[in-house]
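The structure under discussion appears below in the form of structure tokens.
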Amino acid sequence: MLKLVSRDLEILREVERWRFCLSRQIYDFTSFKSKSTFYRRLKLLVDHGYLTKKRYLYGLPAIYTVTAQSYKELAIPVKNNKVSVGILEHELAVIDCYLYFKNKYELGSDDFQSERELRNEFTSSKH
């Protein structure tokens, strides 16, 4: 059994917040000093069932998503984590923009809202 530490919970929260992420994006979210330590910890999270790692498109790195076990650890209701190939490129670009502005202006993750969070705030659109 893996004992989750604060950095693990930070990883799980950010991946859940953005629905899915690449490993390089997760590394930018966290405060790991060494990439090898980060990748070892990421592998442990996958091996113990907190994250899933799957390849969706040829030439694109593996995509990480949270599992039901992660939702239980984070004490939040389970949400749909379906990865649609149609929105994959857009969502990854949005995360990259978030990381760019976060680093450029030295902002915290609480200063931003993900598209997923914005959609949850508004009711479904009516045509």
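The structure displayed is predicted, hence computed values, not measured ones.
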Side chain proximity check, [X] to [Y], heavy atoms < 4.5 angstrom:
X    : Y    : result
L57  : I63  : no
Q113 : L118 : yes
Y98  : D111 : no
I76  : E16  : yes

Name all residues meeting the side-chain contact (heavy atoms from CB on, under 4.5 Å) criterion together with [X]; count only those two or more places apart in sequence or in a different chain, and write none if there are none.
X    : value
K35  : Y27, Y39
F101 : Y105, F112
V78  : Y71

Can you confirm whether [X] is buried at [atom1], in the sense that more than 12 heavy atoms of other residues, nucleotides or ligands lie under 6.0 Å from that atom?
X    : atom1 : answer
E117 : CD    : yes
K102 : NZ    : yes
Y100 : OH    : no

Quiz item: Restricting to pairs with a member in residues 38-47, which pass salt bridge (charged side-chain N to carboxylate O under 4.0 Å, His left out), not counting sequence neighbours?
Solution: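 Passing the test, one end in residues 38-47: D8-R41, K43-D47.
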Looking only at atom types and distance, does a side-chain atom of [X] sit under 3.5 Å from a main-chain N or O of [Y], one as donor and one as acceptor?
X    : Y    : result
S70  : L12  : no
N103 : L99  : yes
R17  : S109 : yes

From [X] atom [atom1] to [Y] atom [atom2], the distance as rounded to the nearest 0.5 Å:
X   : Y   : atom1 : atom2 : value
S6  : R13 : OG    : CZ    : 8.5 Å
Y50 : L2  : OH    : CG    : 5.5 Å
T30 : E10 : OG1   : CD    : 6.0 Å

Practice problem: Walk me through it: do T52 and Y64 pass the test side-chain contact (heavy atoms from CB on, under 4.5 Å)? | Solution: CA-CA 5 Å; T52 58; Y64 290 86; over 6 Å; no
Quiz item: Are L9 and V5 connected in the hydrophobic side-chain network, where two residues link if heavy atoms are under 4.5 Å apart?
Solution: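 Result: no, two separate clusters.
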Quiz item: Does I87 share a hydrophobic cluster with Y56, counting links as ILVMFWY side-chain heavy atoms below 4.5 Å and allowing steps through other members?
Solution: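 Shared cluster, no.
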Exercise. Can you sort out the partners of S36 under side-chain hydrogen bond (donor to acceptor under 3.5 Å, both in side chains), two or more places apart, ordered by chain and number?
Key: S34
Quiz item: Does a side chain donor of either H48 or Q69 reach within less than 3.5 Å of an acceptor in the other side chain?
Solution: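 No pair is found: no donor N or O on one side chain lies under 3.5 Å from an acceptor on the other.
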Check residues 18-25 and write down every donor-acceptor pair under 3.5 Å in which the side-chain atom is one partner and the other belongs to a residue at least two apart or another chain.
| residue | atom | partner | partner atom | Å |
| --- | --- | --- | --- | --- |
| W18 | NE1 | E14 | OE1 | 3.2 |
| R24 | NH1 | D96 | OD1 | 3.0 |
| R24 | NH2 | D96 | OD2 | 3.2 |
| Q25 | OE1 | L22 | N | 2.9 |
| Q25 | NE2 | L92 | O | 3.2 |
| Q25 | NE2 | D96 | OD1 | 2.9 |

Self-check item: Considering all heavy atoms, the nearest T67-L51 contact
Solution: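 Looking at all heavy atoms of both residues, the shortest contact is CG2-C, 4.0 Å.
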Self-check item: Shortest non-hydrogen contact from R7 toward S31
Solution: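 Heavy-atom minimum between the residues: CD-OG, 3.8 Å.
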